[in-house]
S.K.: 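Before we start, here is the structure in question, set down as structure tokens.
Just so it is clear: chains get the letters A, B, ... in the order the sequence lines come, proteins before strands, and each one is counted from 1. Hydrogens, waters and symmetry mates play no part in the numbers below; they use all other heavy atoms, side chains included.
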Amino acid sequence: MSGDFAQSPAPGPLTRDRHFRFGHDREIGGSRRSAAQVYWTEYGACTRAEEGPAREFERAMVEMAACFGSLSIACAGGPLAIAAIAVAERLGMPARVVTVALDGVAPPLPPTRLEVLRIDAPFAEFAAFAGDFAERAGSGCGWTALAAFIAARDDGPHLADHGEITLVDHGVDRVRAAAPAPGNIALADAEAFTGLDRWMAREGRPGIAQPLRWSAELVAAQLACPPMRHWIAAALAGGPTRARAPDSHSARLAMWRQILPVLGAAVPARPWPDPELRARIRLLTRALRRRAPGGGAVHHHPLHRLASRLGIDFGPGLGEGRDLYGTVGAVPPDFGDAA
Amino acid sequence: MTTQVSTPATPATPTLARLRCGPLGFETWRREIAPLWHMEGAADMIAPTVNGHGQMQYCGRELAERVRVLPVAAALDGLRVAWTSIYNISDQALRLRGIYVLPQWRSCGIGRHLVAHAIDQWPATWDRVFLYARSENVERYRRWGFAVVEGHGPRFHRPGLGASPGLIVQMIRWRDQTSPG
């Protein structure tokens, strides 16, 4: 995947070796300039075999801390932050925790010896920030806005609690809760999520917007973990439960439940994230979408192609994608006179 | 709809003999096809391609490097009456997106002729063509040589801003079959 694109210099996603990239049409890392531009993401290839999500997450934490010397671990109520706090504490990393309480409601925070900076703000203040963020970063996602809100109120190297890896099954019709087609699985990257990358780059804000995409090996480890494999197998096998799990949300949470104890963290008794916070962010997201036209795009990376790039063996058959829709060769096809 | 597109004079010769198919600029194409998706006034929201529930096999920058979009239209006596577009979703497969014939020119074979023209622009390397058909159009596309993709059934579809939802189903035509034209 090379090409004749002008390589944009620094802005955009900060991941190891800048393996993760995003852009619109032929532009890399910038903001959407029209509602019709095609959004895309790319992942680099693994340079070694992945060693499981817990080990790869720990490696990533060490490497990310080495980039900045210290980390400000944002806590918005997600498992990523809980894992990061545990690893930083256990390995004695120079780190602190930054969390936010909106109208006095704070995400659950695990007990920690790390310094904790708690930001108290009215929800209305956050909502106003989120509206401006949506327009400037092209992101109509309330969670991404919350990640930016935390980053804006702390000057340390930001480690966002944000950007989970999600697979979707295109064979499921979410609206009708039915499965009208065979399994066809893709990694779904929402454009809204990289709004944080764009915002941090513009603000000159140090940190990492996509910790779970830090390395190709960490991405591979999350995709190849047992809960994700189980979800993939269930999607491909069909069956009555498939339509109720159109994406890998439950597998993602199951992965965290498995690896948090390995990383030295307790699995919280309360769900991720806090239900009250979740409800308020959901309402806010509806309003934000109107302020980021076109920013609701999602790039779908066919799983069989991503698995090949990352060196993951999912066994024979990964849905109908390749067999039905054709392949992509190493070199561009001959278009003849077409287009 | 622009005023440029209006009903031509009463046909004096058989319609298809007067039909001319050819490429169209994307900006013009999406402005004129917008009624199909109930997006008049919001044509700038229409992207050149869509993923089509996992059809697209290109990813990353390949979407800009490898995908060729060919908007086409059919004109009668110089006035455009039908539109479609076609693009490659892999090195072997094509996607027809949007087949729109002005209401007064439907059931004259214009859409079928335009689709055949659009497909014929591609080298034989692309051996299959997909489309999503609204339920009420499935039989029409069967007559054009398309078949519902095995294992696929109707799924939800909301065609555009404020439009009523409906059902669509994916269909395929292999190019070694008889031309739909």
S.K.: State which residues pass side-chain hydrogen bond (donor to acceptor under 3.5 Å, both in side chains) with B/Asp91; sequence neighbours excluded, sorted by chain then number.
M.R.: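 Checked B/Asp91 against side-chain hydrogen bond (donor to acceptor under 3.5 Å, both in side chains); matches are B/Tyr58.
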S.K.: Which pair of non-hydrogen atoms, one from B/His152 and one from A/Tyr325, has the smallest distance, and what is that distance?
M.R.: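 Nearest heavy atoms, B/His152 then A/Tyr325: CE1-OH, 3.9 Å.
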S.K.: Less than 4.5 Å apart, any side-chain heavy atom of A/Arg322 and any of B/Ser90?
M.R.: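 With C-beta onward as the side chain, the pair stays apart.
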S.K.: Relative to chain A, which segment of B/Val72 carries a heavy atom at a distance below 4.5 Å: side chain, backbone, both, or neither?
M.R.: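 It is neither, since no heavy atom gets under 4.5 Å.
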S.K.: Can you classify the ring geometry of A/Phe335 versus B/Trp122 as parallel (below 30°), tilted (30 to 60°) or perpendicular (above 60°)?
M.R.: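 A/Phe335 and B/Trp122: perpendicular rings.
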S.K.: Indicate yes or no for a side-chain donor-acceptor contact from A/His299 to the backbone of B/Cys59 under 3.5 Å, with no hydrogens or angles considered.
M.R.: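 No, A/His299 side chain to B/Cys59 backbone: no donor-acceptor pair under 3.5 Å.
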S.K.: Counting only heavy atoms closer than 4.5 Å, note whether A/Asp169 contacts chain B via side chain, backbone, both or neither.
M.R.: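 Contact with chain B involves no heavy atom of A/Asp169 at all.
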S.K.: Checking A/Thr327 against B/Gln92 for the side chain to side chain donor-acceptor pair (under 3.5 Å) test, could you report, in this order, the C-alpha distance in whole Å, the side-chain angles of both residues, the deciding distance, and whether it holds?
M.R.: CA-CA 7 Å; A/Thr327 58; B/Gln92 291 91 37; 3.0 Å; yes
S.K.: Taking atom CD of A/Glu42 and atom CG of B/Leu63, what is their separation to the nearest 0.5 Å?
M.R.: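 So the gap between those two atoms works out to 9.0 Å.
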S.K.: Chain B heavy atoms under 4.5 Å from A/Val175: which part of the residue, side chain, backbone, both or neither?
M.R.: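 Only the side chain of A/Val175 comes within 4.5 Å of chain B.
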S.K.: Give a yes or no on whether the backbone of A/Gly23 and the side-chain of B/Arg61 come within a donor-acceptor separation of less than 3.5 Å.
M.R.: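 No: the side chain of B/Arg61 does not pair with the backbone of A/Gly23.
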S.K.: As an exercise, state the distance from CD of B/Glu65 to CH2 of A/Trp40, rounded to the nearest 0.5 Å.
M.R.: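 Going from the CD atom of B/Glu65 to the CH2 atom of A/Trp40 covers 9.5 Å.
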S.K.: Answer yes or no: is there a donor N or O on one side and an acceptor on the other, between the side chain of B/Arg155 and the main chain of A/Val172, under 3.5 Å?
M.R.: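 It does hold such a pair.
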S.K.: Got more than 12 heavy atoms from elsewhere within 6.0 Å of CD, B/Glu136?
M.R.: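 More than 12 heavy atoms, drawn from other residues, nucleotides or ligands, come within 6.0 Å of this atom.
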S.K.: Name the region of B/Asp127, side chain, backbone, both or neither, that has any atom closer than 4.5 Å to a heavy atom of chain A.
M.R.: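 No part of it gets close to chain A.
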S.K.: Who wins among A/Ala35, A/Gly171, A/Ala36 for the most heavy-atom pairs under 4.5 Å with chain B?
M.R.: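 It is A/Ala36.
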S.K.: B/Tyr87 versus chain A, heavy atoms under 4.5 Å apart: side chain, backbone, both or neither?
M.R.: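 Neither part, no heavy atoms under 4.5 Å.
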S.K.: So which heavy atom on B/Arg128 is nearest to which on A/Gly326, and how close?
M.R.: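 Smallest interatomic distance, heavy atoms only, reads NH1-N, 3.7 Å.
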S.K.: Between A/Pro332 and chain B, with a heavy-atom cut-off of 4.5 Å, which part of the residue counts as in contact: side chain, backbone, both or neither?
M.R.: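 Both parts, heavy atoms under 4.5 Å.
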S.K.: Is there a side-chain contact between A/Arg176 and B/Pro154, using heavy atoms and a 4.5 Å cut-off?
M.R.: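 Contact flag for A/Arg176/B/Pro154 side chains = yes.
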S.K.: Working to the nearest 0.5 angstrom, can you tell me the gap between A/His170 NE2 and B/Gln55 CD?
M.R.: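 Between atom NE2 of A/His170 and atom CD of B/Gln55 there are 10.0 Å.
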S.K.: Which distance, rounded to the nearest 0.5 Å, do you find between the CD of B/Gln57 and the CG of A/Leu324?
M.R.: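 Separation between the atoms: 8.5 Å.
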S.K.: Which region of A/His24, side chain (C-beta onward) or backbone (N, CA, C, O), has a non-hydrogen atom less than 4.5 Å from a non-hydrogen atom of chain B, or is it both or neither?
M.R.: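 Neither the backbone nor the side chain of A/His24 comes within 4.5 Å of chain B.
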S.K.: Taking every heavy-atom pair that is under 4.5 Å apart, which of B/Gly54, B/Ala93, B/Gly153 has the most such pairs with chain A?
M.R.: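 Between B/Gly54, B/Ala93, B/Gly153, the count favours B/Gly54.
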S.K.: Side chain, backbone, both or neither: which part of B/Asn51 has a heavy atom under 4.5 Å from chain A?
M.R.: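 For B/Asn51, the contact with chain A is made by the side chain alone.
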S.K.: Could you tell me if the side chain of A/Val38 sits less than 4.5 Å from the side chain of B/Thr49, heavy atoms only?
M.R.: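 Side chain of B/Thr49 against side chain of A/Val38, heavy atoms only: contact under 4.5 Å found.
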S.K.: What part of B/Arg95 gets within 4.5 angstrom of chain A, counting heavy atoms only: side chain, backbone, both, or neither?
M.R.: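 Neither part.
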S.K.: Check this for me: A/Arg33, atom CZ, are more than 12 non-hydrogen atoms of other residues, nucleotides or ligands nearer than 6.0 Å?
M.R.: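 Atom CZ in A/Arg33 is not crowded, with 12 or fewer foreign heavy atoms closer than 6.0 Å.
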S.K.: Report yes if some heavy atom in the side chain of B/Met56 is under 4.5 Å from a heavy atom in the side chain of A/His300; otherwise report no.
M.R.: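 With C-beta onward as the side chain, the pair stays apart.
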